[in-house]
Amino acid sequence: MLLTLFESHTHFFLSMFQKMILTKIISNTLSLHKKQLIEWLPAVRYFSSPTNPLVNVDVNDKSGIAVVTMNRKPVNGLSLELFEAMSKALDDLENNRIRGAILTSSCPTVFSAGLDLNELYQPDKKRFKAFWTTFQDVWLKLYGSSFPTAAAINGHAPAGGCFLAISCEYRVMCPDYKIGLNETRLGIIAPIFLRASMRNTVSNREAEKALTLGTLYSTEDALKIGLIDEIAIYKVKAIERCENFLAQFNNVSSIARSFTKRSLRQKDLEELENCREEDFNIFWSNLIEPSVQKQIGDYMQSLKKK
Ligand SMILES: CCCCCCCC/C=C\C/C=C/C(=O)SCCNC(=O)CCNC(=O)[C@H](O)C(C)(C)COP(=O)(O)OP(=O)(O)OC[C@H]1O[C@@H](n2cnc3c(N)ncnc32)[C@H](O)[C@@H]1OP(=O)(O)O
């Protein structure tokens, strides 16, 4: 904008050549200052987020790394309210230029049980629209974040739980749990943004197998196919390993890192950004099919009986 203003005001007084030289000088100065400013900002803008009971954000003043803890007992079912809290937390982290974020859970044996089935069963269209739109927002913000992200998976992570983990850049999981995208086993089709995250994590062939079979992997098998990066015995250790991963970026220009990440993920992000309404319509029309509703209802009953 400054450059446009400068150009319009000097139009009558300067020759084309003079204008080109001055424009170049201002542009170089601005971009240099912007770079220096952005490189310096992380040291001064860490914050203490007002605590939301569903998502706790704890920023370490020294490292600038935020631990984001989902806290919706008993299993971190992803409801509209939990997505709203996550979306807000991600905005706060983005605006305050933290150094990195680690996603984890306060539930002792569950990272997240995925979408709250109560949101999918006998849904009200208005609420489901808000739910789905916020789900999309969370993915766009997490997958496209300018800061590096890691997941400390301290429990089971089926379906939407796995989706949150694979939207991060690094995953450390505790032993003896299950992780995977089991949507097809529930008769539901994984949305495009979930497929994108999976393809970005494991090979195309593994993604196809995992998604079509709806496999839930043990921690050890997840490591073998690259769905997770490391195993850590306890949650505290998992967080520590995530911190080590994020600390590696201390020696990398934050601008170069975030632009590179963004450019690698841009196509996936645009794919959803360009068809958000269509994505909702497809899911809504499938969701209200009586056969799909029956399947979801039966599945909820089977979980309760257990
Ligand atoms: C073509 C149609 C398109 C329709 C649109 C669909 C959208 C698809 C797009 C997105 C992808 C994401 C989809 C999903 O995430 S669907 C959710 C899938 N989740 C699961 O399959 C996991 C189900 N849960 C479990 O397997 C287990 O609960 C566990 C392994 C996570 C934990 O086991 P455990 O510790 O033994 O706990 P319990 O099983 O006893 O559960 C405690 C309590 O919580 C309830 N519960 C569990 N999971 C959910 C859930 N996802 N939503 C709501 N409630 C859940 C469970 O019923 C128990 O309740 P209680 O008996 O009343 O205490």
Side-chain angles (χ1 to χ4, degrees), residues 31-72 76 82 84-108 111-112 138 140-155 157 161 164-175 201 228-262 264-265:
S31 69
L32 184 72
H33 282 175
K34 190 174 151 206
K35 185 171 187 305
Q36 283 170 344
L37 195 67
I38 292 172
E39 295 284 354
W40 273 98
L41 277 172
V44 290
R45 289 188 62 185
Y46 302 144
F47 74 117
S48 174
S49 161
T51 302
N52 181 305
L54 295 176
V55 175
N56 182 61
V57 179
D58 189 9
V59 185
N60 180 314
D61 288 342
K62 283 201 186 117
S63 66
I65 290 172
V67 176
V68 179
T69 307
M70 293 176 282
N71 181 35
R72 184 166 184 260
N76 279 330
L82 180 50
E84 281 173 345
M86 288 179 77
S87 179
K88 165 84 174 57
L90 288 165
D91 283 342
D92 289 345
L93 296 177
E94 199 64 69
N95 293 335
N96 287 280
R97 301 185 180 284
I98 50 130
R99 283 260 175 217
I102 299 168
L103 185 63
T104 191
S105 153
S106 69
C107 305
F111 177 72
S112 165
V138 167
L140 290 168
K141 290 174 190 178
L142 185 61
Y143 191 71
S145 72
S146 70
F147 50 83
T149 52
I153 310 163
N154 58 315
L164 288 177
I166 60 178
S167 301
C168 297
E169 287 154 69
Y170 199 75
R171 281 152 292 281
V172 184
M173 187 166 170
C174 298
T201 307
I228 60 165
D229 299 287
E230 283 189 67
I231 299 178
I233 189 89
Y234 306 118
K235 176 180 173 180
V236 180
K237 290 277 170 210
I239 291 181
E240 229 173 77
R241 301 279 176 82
C242 289
E243 282 168 347
N244 292 346
F245 167 73
L246 296 172
Q248 295 178 80
F249 293 111
N250 289 346
N251 302 323
V252 178
S253 151
S254 54
I255 304 239
R257 184 198 48 70
S258 72
F259 271 79
T260 305
K261 171 179 171 181
R262 183 80 200 185
L264 287 167
R265 296 186 172 204

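In this text, all values refer to a predicted model and were calculated from it rather than measured experimentally.
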Cation-pi, F147 ring and R99 (6.0 angstrom, 45 degrees): no
Shortest non-hydrogen contact between S63 and N60, atoms and distance: N-OD1, 3.0 Å
Side-chain heavy-atom pair I102, I65 within 4.5 angstrom cut-off: yes
Enclosure of K237 NZ (heavy-atom neighbours >12, cutoff 6.0 Å): no
Reported CG-to-CG distance for the pair N96 and D91, which is rounded to 0.5 angstrom: 10.5 Å
Student check: side-chain heavy atoms of T149 and K261 closer than 4.5 Å: yes
Test item: M86 and L103 side chains (from C-beta on) under 4.5 Å apart, heavy atoms: yes
Heavy-atom donor-acceptor pair, R241 side chain to A232 backbone, under 3.5 Å: no
Any V138 side-chain heavy atom under 4.5 Å of L90 side chain: yes
E94 side chain to S146 side chain, donor-acceptor N/O pair below 3.5 angstrom: yes
Nearest heavy-atom neighbours spanning L93 and A101: CD1-CB, 4.1 Å
Min side-chain heavy-atom separation L142-C168 under 4.5 Å: yes
N52 side chain to A85 backbone, donor-acceptor under 3.5 Å: no
Any M70 side-chain heavy atom under 4.5 Å of F111 side chain: yes
Gap between atom CD1 of I228 and atom CD of E230 - 0.5 Å precision: 9.0 Å
Minimal non-hydrogen separation, T104 against A152, with atom names: OG1-O, 3.0 Å
Taking every non-hydrogen atom, the tightest pair across A66 and V57: CB-CG1, 4.3 Å
Straight-line distance of T260 OG1 to R257 CZ, nearest 0.5 Å: 8.5 Å
Heavy-atom check, side chain of N56 versus side chain of V68, under 4.5 Å: no
Stepwise side chain to side chain contact (heavy atoms under 4.5 Å, CB included) test for I231 and M173: CA-CA 5 Å; I231 299 178; M173 187 166 170; 5.7 Å; no
Residue pair K88, K141: steps toward the side chain to side chain contact (heavy atoms under 4.5 Å, CB included) verdict: CA-CA 10 Å; K88 165 84 174 57; K141 290 174 190 178; over 6 Å; no
Derivation of the side chain to side chain contact (heavy atoms under 4.5 Å, CB included) call for V59 and I98: CA-CA 8 Å; V59 185; I98 50 130; 4.3 Å; yes
Approximate separation, where rounding is to 0.5 Å, of S87 OG and L140 CG: 9.5 Å
Shortest non-hydrogen separation from C107 to N154 and the atoms involved: O-ND2, 3.5 Å
R171 side chain to A165 backbone, donor-acceptor under 3.5 Å: yes
Contacts of F245 that satisfy ring pair (Phe, Tyr, Trp, His ring centres under 6.0 Å) - sequence neighbours left out: Y170, F249
Nearest-0.5 Å distance, OG of residue S105 to CZ of residue R72: 12.5 Å
Pairwise side-chain contact, L82 with V55, heavy-atom cut-off 4.5 Å (strictly under): yes
S106 versus N71, side-chain donor and acceptor atoms under 3.5 Å: yes
